[in-house]
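Working notes for the structure below.
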Amino acid sequence: MSPAQPKKKTSETFRSVSPLLKELVLPRRGKLVFGFCLMLVNLGASMVLPYSPRFLIDTIIGQKHYGMLKWLLLGVLTATLFQGASSFSLTQLLSKEAQRLIAELRRRVQEHVGRLPVAYYDATKSGALVSRIMSDVEGVRNLIGTGLVDFVGGILKALLSLVILFRTSALMTGLALFFIAVFALSLSKAFKKIRPIFRERGKINAEVQGRLTESLAGVRVVKGYHAESEEARVFSLGVQRLLDNVLRSLTAISLMSLSATSLMGIVGGAVMYIGARQIIAGTLTVGEFMMFTMFLAMLVAPMFQVVGIGTQLTEALAGLDRTQEVLNEKPEDEDPRRTRAVDTIRGDVSFENVNFAYDPGKPVLHEVSFESSPGTVTALVGPSGSGKSTIISLIAAFHEPGAGTIRVDGTDLSTMRLDSYRTQLGVVLQDTFLFDGTIRENVGFARPAASEEQVLDACRIARVDEFAERFDKKYDTIVGERGVKLSGGQRQRVSIARAILANPRILILDEATSSLDSESEAAIQEGLAYLMKGRTTFVIAHRLSTIRRAEQILVVEDGRIVERGTHESLYDFRGRYYDLYTRQHGIDANLFLAPGEGDKVPESEAKPRMAGVGAPTAASLLRGGTV
């Protein structure tokens with residue numbers, strides 16, 4: 001590796017951290033300056049005690065000026081009080097400010113993460129994001145708090161001590177500096193090697209924490225498959241990786257501590273030998289030697305502080321590196337193209353030759369084109385993995401097409417401001433997500449400023465009141481994490497009520513009734529009908545009987561729309577939709593052939609020949625029965 005490479009890497013690291021450090025430090029420069037003044041007071045007061053032996057031994061005892069003893073003791077006591085008071089003030093000022101900074105930084109990172117595109121969440125584990133928001137910022141307290149003050153104060157104390165040492169004995173000081181310089185050089189190289197270890201530790205910790213979060217969230221799946229041992233094994237492997245990383249760093253820190261201790265022994269021995277010879281020769285007094293040893297301790301002590309505090313600062317910088325990486329991610333609402341704010345949209349949605357790929361070279365959608373008018377229902381059907389959810393994600397602006405255009409009311413969706421567009425979206429997903437709060441809070445999530453009456457109206461329309469009123473705390477009942485205390489059908493009713501309260505112009509229903517039994521589904525059809533009225537509705541449905549009344553059905557396969565039309569026209573066409581519909585209802589197309597004929601006949605003329613199924617039942621299925 002060429003010498004230029006490490007320098008480049010170091011400069012890149014500095015540039016990546018420097019902007020964040022400036023943002024953190026500049027608003028607090030007043031308090032930091034005041035803290036620096038307190039540190040100087042503390043530093044000056046700390047010099048009195050090591051300087052006192054010279055006067056005590058050489059002047060007061062050696063020259064018998066016993067009257068000065070009380071003034072020396074008073075001076076030492078006063079300096080000690082000043083030192084203690086300044087240390088207390090520093091801790092109160094900077095430590096508390098550091099904790100405020102951590103809270104502010106957490107809020108900032110969480111807000112920034114919330115504005116990142118869905119693609120970022122797809123590529124990043126939730127546990128890793130939690131770690132970056134909660135753990136990585138913790139080290140900031142060592143940059144703004146007493147850790148940095150101790151570090152800088154230790155260096156200043158060492159420099160001041162160095163001046164006094166040179167004036168006392170240049171020979172002993174020069175010898176001590178030689179060993180300290182060797183140690184400092186070794187320390188510098190050690191920190192360069194240890195910083196990547198801390199960065200790796202943060203990454204491993206995020207992975208382990210992420211897997212643990214997933215395991216706890218999916219505890220029912222884990223127990224259902226009796227996979228506790230497997231989860232324990234996976235977690236154990238992660239913990240072992242984390243342990244190996246910690247042991248590597250501890251080995252490096254231990255070596256640095258060993259070097260510092262050895263340094264102290266070598267320097268101490270050399271100073272005693274040379275000092276003794278100089279005292280015997282009369283070039284150094286006993287008081288000066290005692291003072292020299294105390295100031296030498298003040299010079300060497302920061303070397304020990306550097307090992308501990310320097311390690312903390314290195315870990316803090318590694319955490320800031322990772323925090324800066326998140327903050328460098330571009331929020332989706334900062335796209336320079338998205339400048340058009342919209343008030344109330346009509347909901348006229350059109351796809352024009354849209355292509356899309358999650359990964360380059362692996363297209364998911366091919367030349368998708370369709371139009372959906374306000375007040376209509378567009379249903380998307382097809383096998384899993386065909387691209388239905390991707391189309392919905394594009395409508396919600398979670399992703400952008402690789403080619404082609406999506407227009408809303410004639411405006412390119414990629415130019416609309418997301419904050420104004422998404423406030424007019426309503427989403428009811430198959431995997432209903434509820435927060436660990438009350439039923440009222442989960443329904444009101446769509447419109448925090450909604451009145452109590454509006455929330456209750458939405459609950460009545462979605463038939464949430466049927467089960468909420470039976471709880472002791474009614475709408476203040478806690479639903480548990482992800483709504484675990486409610487049944488699947490109850491969770492979906494709450495989700496539908498949330499969408500009703502949002503009063504969207506574009507509505508997305510992803511298997512909104514999948515968790516409901518037939519009776520419950522029929523009970524909330526009124527709510528769904530109310531919700532869809534006058535809105536542009538997109539429905540992903542696997543139970544095809546639920547979409548018979550859709551104005552437009554799109555059959556999606558392999559990322560292409562292979563058929564489109566109403567239920568009747570697609571059924572009469574006897575193509576892919578017909579196959580899906582008859583297969584789902586257990587009806588073979590051949591059962592609807594006229595006796596002795598091989599040609600297909602209209603549904604009205606078909607004579608069912610299903611063993612064990614009466615004609616009325618089959619006809620009911622084909623007419624759609626209850627939606």
Side-chain angles (χ1 to χ4, degrees), residues 30-99 141-142 144-169 172-173 176 180 260-261 263-264 267-268 271-272 275 284-310 312-313:
K31 291 185 178 180
L32 289 177
V33 169
F34 182 62
F36 183 77
C37 293
L38 286 175
M39 182 186 66
L40 293 179
V41 172
N42 183 275
L43 178 61
S46 66
M47 292 287 139
V48 175
L49 183 60
Y51 210 84
S52 59
R54 177 179 179 181
F55 291 96
L56 177 64
I57 297 174
D58 292 345
T59 304
I60 297 177
I61 298 177
Q63 299 179 16
K64 302 185 186 305
H65 295 300
Y66 301 123
M68 297 179 62
L69 179 60
K70 61 181 179 181
W71 298 110
L72 177 63
L73 294 176
L74 181 62
V76 170
L77 179 60
T78 302
T80 302
L81 291 176
F82 270 101
Q83 186 178 0
S86 58
S87 295
F88 173 80
S89 300
L90 272 173
T91 301
Q92 288 293 304
L93 175 69
L94 296 183
S95 293
K96 290 184 177 180
E97 189 61 29
Q99 292 302 322
R141 68 179 183 274
N142 293 316
I144 305 299
T146 55
L148 181 62
V149 171
D150 290 342
F151 186 77
V152 176
I155 293 177
L156 291 177
K157 188 180 294 185
L159 292 175
L160 187 57
S161 299
L162 188 61
V163 173
I164 298 174
L165 290 173
F166 261 116
R167 294 183 60 183
T168 305
S169 173
M172 287 192 295
T173 304
I180 292 175
T261 304
L263 170 70
M264 180 67 79
V267 172
V271 166
M272 283 190 289
L284 188 71
T285 66
V286 175
E288 289 174 333
F289 178 76
M290 292 295 295
M291 182 187 70
F292 185 93
T293 56
M294 295 190 72
F295 276 108
L296 181 62
M298 293 181 65
L299 175 66
V300 177
M303 298 298 104
F304 288 94
Q305 286 183 327
V306 166
V307 174
I309 300 174
Q312 295 173 5
L313 294 178

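Closest of all the heavy-atom pairs between A45 and A79 is CB-O, 3.2 Å.
A 6.0 Å sphere centred on CZ of F34 holds no more than 12 heavy atoms belonging to other residues, nucleotides or ligands.
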Distance-only check: which donor-acceptor pairs under 3.5 Å involve side-chain atoms of residues 290-298, not counting sequence neighbours?
unit_1	atom_1	unit_2	atom_2	d
T293	OG1	F289	O	3.4
T293	OG1	M290	O	2.6

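Residue pairs satisfying the side chain to side chain donor-acceptor pair (under 3.5 Å) criterion with at least one member in residues 159-169, sequence neighbours excluded, are listed as follows: S169-Q278.
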